Amino acid sequence: MGVNENAFDLLEVTPEDGIARINDAKDDKSWVDEPNESMYEAARETLTNPRKRLQAEVPWFLKNSNSAFSLMNEVQNCRGADIRLVVQKIVAMDDENKQALQEESLNDIYTDIIISRKKAGISADIEQADIEEALSQLLEEGAKAAIDTLLRKCSTQEAAQIGNVIAKEMIQPGIGKYPKKYGDCIRFFIDLYNMKVQNELDTRSEKIQQDIEAAKVYTSVAQLSPLFQEIEWFDYLAQPLQLYFEDQGQADKQSQSEDIAGSLRKLSLFYHNERQLTELSIAVTEKAMQVFAENPKVLQQLQEDDEILKQQVQAKPLTDDLEIVFVQVARFVDRKKGKEASNSAQIMSHKDQWVSALHRAASRLEQLSPSEKAAAAGFLAQAYYTLATACTWADMWDYAYIVAKEGLIYARQSGNQEIISEFLSALQYYIKAPSVDNEVRSCSSVEEFERKKAEQRSRESKGCLIKIVIAAGKCQVFLGNLFDCR
């Protein structure tokens, strides 16, 4: 029996037929089809009871002016593979159901029922609200039955295809907006779709979590491909639900998706922090962003991670240069009292290499975007600070001062007040050293300081040469006089 068949259809009577005609029709049907006598008796009981009769009257008059019930039959008779046709029928049924509950439609049905009852000699003591209630119930039952029948015939993939088209076209464009573009039939579809795919979502979610754990030993992006495919299929199944829950403000019902996104984020951080596999880390983060784009809370966190990771990749040549400073200063400078002489020798031997690394990093800093520049400037400033403090353990206070003065530029570019304060405090301390004279203070960079130091050494060497020449001349005069005396 189709969803549009009712007691009138079963007994082959009309709403204008009286009780006597209904009783005769029931007897005739039972005589010919005795095995179904109880069904005909139930139809007779419905049509002769003023309250129950609405169950048959409402769809009878509705079908003459509205195609909601015929569409229910069309939906349940569709083939699951005809994705576009199925979606069109469900959307049309949704529109017709909404139209049927409009006041004008209810008024028409109410008028038709009152007129027919008077002709049939049946009590017309009903209100329009009774009709609305009966119609709402009938539409809901019919729509659910039609969609349930359809989904039972569909494979999981066909159901997911239908659900994704409906979600993309009917739900996503109006997320957070009112009134909603869709009605109860779309809600019924989502509820029944949820029941159909939930077991598979549970199974796949558990497997994905296991595969994420296993992926910790991977060393290439290619190895992640099967995991990514599994996640994409899970997302395809879950996406209609994700969009619907987002639109309904029920983000808590997306827990499976959030759990998978959280595990992917942990995997990304593990690759970056524990294994220094930043390429894999970025691949995982980008896949998670693509898959869980419908979850704003998850997406925002992933986008922040992705930005940081890409900043670090962009800044990698810079950080590689600075690692030279951090690693070698720690290796060659012993920050203990009594080690000043050996520390000085080590710094003098390596400072040109370290300063060159700092300057290369500073040059790379200018190539970064504004959002990347601040973090990289902070890292560069820390490298300067490391070298400056190392110089104090070699009694090279003038060099410590000028390195810190140059590093202060990058500390300020970082915008980090803590780093800036460290530099200012260090400079105030270094400036008290006797070797930090006015000439040192006047230097604006390490390069200027080195140049002035070189000029000073040149002048001193020339002074020594002059003294040697003068001394040699005096010695020659003395020897000449000595020979003359002889």
Side-chain angles (χ1 to χ4, degrees), residues 155-161 163-165 167-168 172 194 197-243 245-246 251 253-320 323 368-369 371-372 375-376 379:
S155 66
T156 301
Q157 182 173 356
E158 290 169 343
Q161 288 176 304
N164 273 277
V165 174
K168 291 285 188 181
Q172 190 173 32
N194 190 11
V197 302
Q198 193 56 61
N199 286 339
E200 183 162 354
L201 286 175
D202 291 342
T203 301
R204 289 183 177 277
S205 175
E206 183 177 350
K207 184 177 186 305
I208 287 170
Q209 294 289 3
Q210 294 171 353
D211 290 347
I212 288 174
E213 186 64 27
K216 289 183 176 180
V217 299
Y218 294 169
T219 56
S220 71
V221 174
Q223 290 175 287
L224 290 166
S225 181
L227 172 62
F228 287 170
Q229 291 175 2
E230 187 74 23
I231 292 170
E232 286 171 354
W233 176 237
F234 173 90
D235 179 62
Y236 192 71
L237 286 178
Q239 194 166 79
L241 305 176
Q242 292 171 351
L243 290 171
F245 292 147
E246 182 185 351
K253 293 188 177 182
Q254 301 187 56
S255 58
Q256 281 183 325
S257 297
E258 291 186 1
D259 289 345
I260 291 174
S263 296
L264 285 174
R265 183 170 184 265
K266 290 178 181 177
L267 178 63
S268 172
L269 295 174
F270 174 82
Y271 282 144
H272 179 69
N273 296 334
E274 303 297 326
R275 301 191 61 198
Q276 290 74 53
L277 296 172
T278 305
E279 182 183 6
L280 271 70
S281 182
I282 291 175
V284 170
T285 301
E286 289 184 341
K287 177 57 65 175
M289 287 168 56
Q290 172 195 333
V291 169
F292 300 107
E294 292 79 21
N295 190 318
K297 183 175 70 174
V298 170
L299 181 62
Q300 181 180 358
Q301 194 170 44
L302 290 169
Q303 286 173 332
E304 291 172 357
D305 289 349
D306 188 57
E307 183 178 354
I308 291 171
L309 287 169
K310 287 181 177 177
Q311 285 177 3
Q312 293 185 1
V313 170
Q314 285 275 29
K316 190 174 187 306
L318 181 150
T319 56
D320 287 346
E323 283 298 319
L368 301 179
S369 67
S371 60
E372 299 164 341
F379 196 46

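Residue indices begin at 1 and follow the sequence shown. Small disclaimer: the values here were computed from a predicted structure and weren't measured.
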Report summary line: Rounding to 0.5 Å, atoms CG (Leu280) and NZ (Lys216) come to a distance of 14.0 Å
**Report entry** From Trp233 atom CH2 to Glu200 atom CD, the distance as rounded to the nearest 0.5 Å
**Finding:** 6.5 Å
Query raised in the report: Is there a side-chain contact between Glu230 and Pro226 (heavy atoms, below 4.5 Å)?
Result: no
Report summary line: The reported gap from OG1 in Thr285 to CG in Leu269 (rounded to nearest 0.5 angstrom) is 7.0 Å
Requested in this report: Walk me through it: do Phe228 and Val284 pass the test side-chain contact (heavy atoms from CB on, under 4.5 Å)?
Outcome: CA-CA 8 Å; Phe228 287 170; Val284 170; 4.3 Å; yes
Report summary line: Residues Arg275 and Val217: closest non-hydrogen pair is NH1-C, 3.3 Å
Query raised in the report: Any side-chain heavy-atom pair from His272 and Ile282 closer than 4.5 angstrom?
Result: no
Query raised in the report: Below 4.5 Å, heavy atoms only, C-beta onward: do Phe292 and Gln242 meet side chain to side chain?
Result: yes
Query - CG-CG distance between Asn164 and Leu243, expressed to the nearest 0.5 angstrom - result: 8.0 Å
Query raised in the report: Between OG of Ser257 and CG of Leu237, what distance do you get to the nearest 0.5 Å?
Result: 10.5 Å
Report task. Check whether any side-chain heavy atom of Phe245 sits under 4.5 Å from a side-chain heavy atom of Asn194, and report yes or no. Result -> yes
Requested in this report: Flag yes if more than 12 heavy atoms outside Glu206 fall under 6.0 Å of its CD atom; otherwise flag no.
Outcome: no
Query raised in the report: Does a side-chain heavy-atom distance below 4.5 Å link Leu264 with Lys287?
Result: no
Query raised in the report: Mind checking whether Val291 and Ile260 have side chains closer than 4.5 Å, heavy atoms only?
Result: no
Requested in this report: State, yes or no, whether a side-chain contact exists between Gln239 and Lys168 at a heavy-atom distance under 4.5 Å.
Outcome: yes
Report task. Search all heavy atoms of Pro240 against all heavy atoms of Gly163 and return the closest pair with its distance. Result -> CG-C, 3.5 Å
Query raised in the report: If we only count heavy atoms from C-beta on, is the Tyr271 to Leu224 side-chain gap below 4.5 Å?
Result: yes
Query raised in the report: What's the spacing between Glu279 CD and Thr219 OG1 if we round to 0.5 Å?
Result: 10.5 Å
